[in-house]
J.: 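The structure under discussion is supplied below as structure tokens; questions concerning it will follow.
Fair warning: this is a prediction, and the values are worked out from it, not measured in the lab. Sequence lines set the chain letters: A, B, ... in the order given, protein chains first and strands last, and positions in each chain run from 1. Quick note: numbers below take in every heavy atom, side chains included, and nothing from hydrogens, waters or symmetry partners.
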Protein chains: 2
Amino acid sequence: MNFIDKLSAAWTRNDSLLCVGLDPDLARFPAHLKDQPDAIVRFCKAIIDATADLACAFKPQIAYFAALGAEDQLEEICSYLRDTYPHIPLILDAKRGDIGATAHQYAREAFDRYGADAVTVNPYMGFDSVEPYMAWKDRGVIVLCRTSNAGGSDLQFLDVGGLPLYQHVAKLVAGKWNRNGQCALVVGATFPEELAQVRKIIGDMPLLVPGVGAQGGDVEATVRAGRTAGGTGMMINSSRAILYAVPQEGEDFAAAARRVARETRDEINRYRG
Amino acid sequence: MNFIDKLSAAWTRNDSLLCVGLDPDLARFPAHLKDQPDAIVRFCKAIIDATADLACAFKPQIAYFAALGAEDQLEEICSYLRDTYPHIPLILDAKRGDIGATAHQYAREAFDRYGADAVTVNPYMGFDSVEPYMAWKDRGVIVLCRTSNAGGSDLQFLDVGGLPLYQHVAKLVAGKWNRNGQCALVVGATFPEELAQVRKIIGDMPLLVPGVGAQGGDVEATVRAGRTAGGTGMMINSSRAILYAVPQEGEDFAAAARRVARETRDEINRYRG
């Protein structure tokens with residue numbers, strides 16, 4: 001099953017637009033895990049098991065693994081995800097951007113090594129830096145469009161022929177780059193009106209939307225702005241708010257993560273349509 | 001010594017603006033190396049030893065290591081470079097681009113794990129995606145500006161207030177982002193007139209210039225367009241033309257690499273002054 005179909009099935013199966021981001025930060029791990037050699041695997045597996053029936057996707061952020069030299073643990077987590085929850089898409093958040101031959105190596109990394117269903121990529125180097133990923137026809141290519149950080153406007157908001165650059169990117173991807181129907185876009189939750197503009201441009205193309213949860217985006221405004229007519233079309237990511245949820249009486253970290261994931265999924269669902 | 005000073009010293013010491021790119025492709029390795037478990041380390045060390053007196057920098061491309069799960073071999077190569085040739089800057093070509101907390105993880109990867117003197121980064125997410133690297137005050141941050149691939153124009157050539165986007169990026173980096181004097185820019189060799197435009201904008205800031213060698217850029221036009229008044233200011237990268245030079249009678253792959261590296265350095269030097 002290709003990425004888009006798998007994502008659609010997960011939206012329905014788990015009644016969820018919630019993407020759970022896996023950004024393992026040892027400093028924030030529970031004390032009993034911190035000193036374990038495979039702490040990252042244990043932590044991420046516990047989060048995955050606790051939220052797999054609430055999520056439409058999991059999204060490991062490779063930077064957190066790369067900083068620690070923990071690629072082997074990322075491989076193990078991806079393998080566990082694919083084997084145990086084959087119906088939940090695995091998105092590798094890598095934001096790669098490089099030219100043809102090198103992009104092909106990054107595609108091998110994402111799709112062959114880690115077995116990701118989709119990978120995030122950066123559009124700055126143009127179509128031939130994105131096209132190599134499309135050789136894996138059943139995988140998704142999620143292109144950065146409008147990001148939720150303060151500096152996102154430095155380039156993305158520049159005026160290009162009357163449109164901000166990010167809308168130009170949305171048009172490029174929807175109009176030319178999405179030849180095989182494999183593409184999605186990253187649009188942050190910080191500016192719902194911009195999310196609505198992008199939705200108008202791209203039709204039903206899926207959106208990966210970071211910025212909800214710890215980053216403070218407004219869930220109602222985000223969902224109303226980004227949803228498709230069918231009330232789906234979004235992977236609304238939350239990482240830290242779920243991973244590092246403060247346990248209540250009687251909860252461990254995984255139960256706390258499940259509680260916050262369920263609340264977030266349910267809050268999203270209130271505004272779907 | 002910080003990156004910029006180290007680079008300046010290497011320009012002088014080796015009388016060279018040549019950056020040797022390390023893009024290890026097993027399929028193109030000499031037959032006797034292909035089946036060795038540490039083939040990449042052996043190959044890269046041989047190239048490094050054969051060219052260290054001819055290069056102003058070495059630039060491993062991390063994608064080639066990541067595709068093979070060979071981060072440990074990249075660590076070993078970087079460690080060897082730092083220990084054996086501490087006067088030659090080590091540039092990690094990673095083209096990372098992500099927001100603050102995640103960018104900090106990528107900076108740890110480049111600077112702490114691999115000990116790179118500089119790393120390439122993508123400007124699409126703006127200043128706060130670049131700033132975290134600057135916390136390492138002695139390291140270099142090399143920002144993508146104008147790339148030499150065909151699709152480079154898709155975004156970089158868009159008209160922003162009468163200037164192509166890549167010139168806007170050059171202005172942003174030279175005018176605002178380069179607070180600590182740590183920045184350099186990537187500008188491809190394919191369009192020498194554009195290289196000249198960028199040089200006008202950025203003063204003496206160093207340029208990393210891919211596209212010479214296997215990618216076919218014109219050396220004379222590239223050097224004349226990109227050099228500073230002092231005849232330096234450039235790291236002109238060649239990867240495949242050196243790594244996979246065809247041996248002549250009596251040469252092994254390393255000797256062939258040395259011959260091509262010397263020819264390239266010398267050709268560059270003819271147009272520096």
Side-chain angles (χ1 to χ4, degrees), chain A residues 23 25 61-69 71-72 75 93-110 112-113 120 122-131 144 147-161 165 168-169 172 176-177 210 215 240, chain B residues 23 25 61-69 71-72 75 93-110 112-113 120 122-131 144 147-161 165 168-169 172 176-177 210 215 240:
Chain A
D23 301 9
D25 179 353
Q61 167 49 261
I62 196 171
Y64 285 82
F65 298 86
L68 299 170
E71 284 86 4
D72 55 340
E75 286 180 1
D93 196 356
K95 300 189 179 69
R96 301 302 192 222
D98 213 308
I99 59 169
T102 308
H104 178 76
Q105 301 298 325
Y106 281 132
R108 289 177 61 195
E109 178 194 30
D112 293 344
R113 180 178 183 191
T120 54
N122 188 305
Y124 189 71
M125 296 180 77
F127 181 63
D128 60 0
S129 73
V130 170
E131 191 179 22
L144 286 181
T147 61
S148 50
N149 58 314
S153 299
D154 288 346
L155 267 70
Q156 297 156 23
F157 213 67
L158 293 174
D159 186 291
V160 177
L165 178 62
H168 198 88
V169 169
L172 269 178
K176 292 188 185 169
W177 295 8
Q215 292 179 59
R240 285 166 284 171
Chain B
D23 300 9
D25 180 353
Q61 167 50 261
I62 196 169
Y64 285 83
F65 298 86
L68 299 170
E71 284 86 2
D72 54 341
E75 286 179 1
D93 196 356
K95 300 189 179 71
R96 300 300 191 224
D98 213 308
I99 59 168
T102 307
H104 178 76
Q105 302 298 325
Y106 280 132
R108 289 178 61 196
E109 177 194 30
D112 293 344
R113 180 178 181 191
T120 54
N122 188 305
Y124 188 71
M125 297 181 75
F127 181 62
D128 59 0
S129 73
V130 170
E131 191 179 21
L144 287 180
T147 61
S148 50
N149 57 313
S153 299
D154 287 345
L155 267 70
Q156 297 156 23
F157 213 67
L158 292 174
D159 186 292
V160 177
L165 178 62
H168 198 87
V169 170
L172 268 179
K176 290 189 184 167
W177 295 8
Q215 291 179 60
R240 286 167 285 170

J.: CG/A:Leu68 to CZ/B:Arg113 distance, rounded to the nearest 0.5 angstrom?
T.: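 It is 8.5 Å, given to the nearest 0.5 Å.
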J.: May I ask you to name which of A:Asp25, A:Leu165, A:Thr120, A:Leu172 has the most heavy-atom pairs under 4.5 Å with chain B?
T.: A:Leu165
J.: Which of the residues A:Asp128, A:Asp23, A:Asp112 is involved in the greatest number of heavy-atom pairs with chain B at under 4.5 angstrom?
T.: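 Highest number of pairs under 4.5 Å: A:Asp128.
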J.: Side chain, backbone, both or neither: which part of A:Asn122 has a non-hydrogen atom closer than 4.5 Å to chain B?
T.: side chain
J.: At a 4.5 Å cut-off on heavy atoms, which part of B:Val169 comes close to chain A: side chain, backbone, both, or neither?
T.: side chain
J.: What heavy-atom pair brings B:Arg96 and A:Arg96 nearest, and what distance separates the two atoms?
T.: NH1-NH1, 2.7 Å
J.: Distance check, rounded to the nearest 0.5 Å: A:Glu109 atom CD versus B:Tyr64 atom OH?
T.: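 If I round to the nearest 0.5 Å, the distance is 13.5 Å.
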J.: Which one of A:Lys176, A:Glu71, A:Glu75, A:His168 has the most heavy-atom pairs closer than 4.5 Å to chain B?
T.: A:Glu71
J.: Roughly how far apart are A:Leu155 CG and B:Leu155 CG, rounded to 0.5 Å?
T.: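 So the CG of A:Leu155 and the CG of B:Leu155 are separated by 8.5 Å.
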J.: At what distance, to the nearest 0.5 angstrom, does CG of A:Asp154 lie from OG of B:Ser129?
T.: 8.0 Å
J.: Checking B:His104 against chain A: side chain, backbone, both or neither under 4.5 Å from a heavy atom?
T.: neither
J.: What's the spacing between B:Tyr106 OH and A:Ile62 CD1 if we round to 0.5 Å?
T.: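 Going from the OH atom of B:Tyr106 to the CD1 atom of A:Ile62 covers 6.0 Å.
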J.: Nearest 0.5 Å please: distance from the CG atom of A:Leu158 over to the CG atom of B:Leu158.
T.: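 Separation between the atoms: 10.0 Å.
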J.: Closest approach of A:Ala63 and B:Gln105, non-hydrogen atoms and distance?
T.: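 Scanning both residues, the minimum pair turns out to be O-CB, 3.5 Å.
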J.: Verify, without hydrogens or angle tests, whether A:Asn149 (side chain) and B:Gly100 (backbone) share a donor-acceptor contact under 3.5 angstrom.
T.: no
J.: Most heavy-atom pairs under 4.5 angstrom with chain A, which of B:Gly126, B:Gly161, B:Pro123, B:Ala150?
T.: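 Option with the greatest count: B:Pro123.
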J.: Could you tell me which of B:Gly69, B:Ala101, B:Gly152 has the largest number of non-hydrogen atom pairs under 4.5 Å with chain A?
T.: B:Gly69
J.: Check whether the side chains of A:Asp98 and B:Gln61 place a donor and an acceptor atom closer than 3.5 Å, and report yes or no.
T.: yes
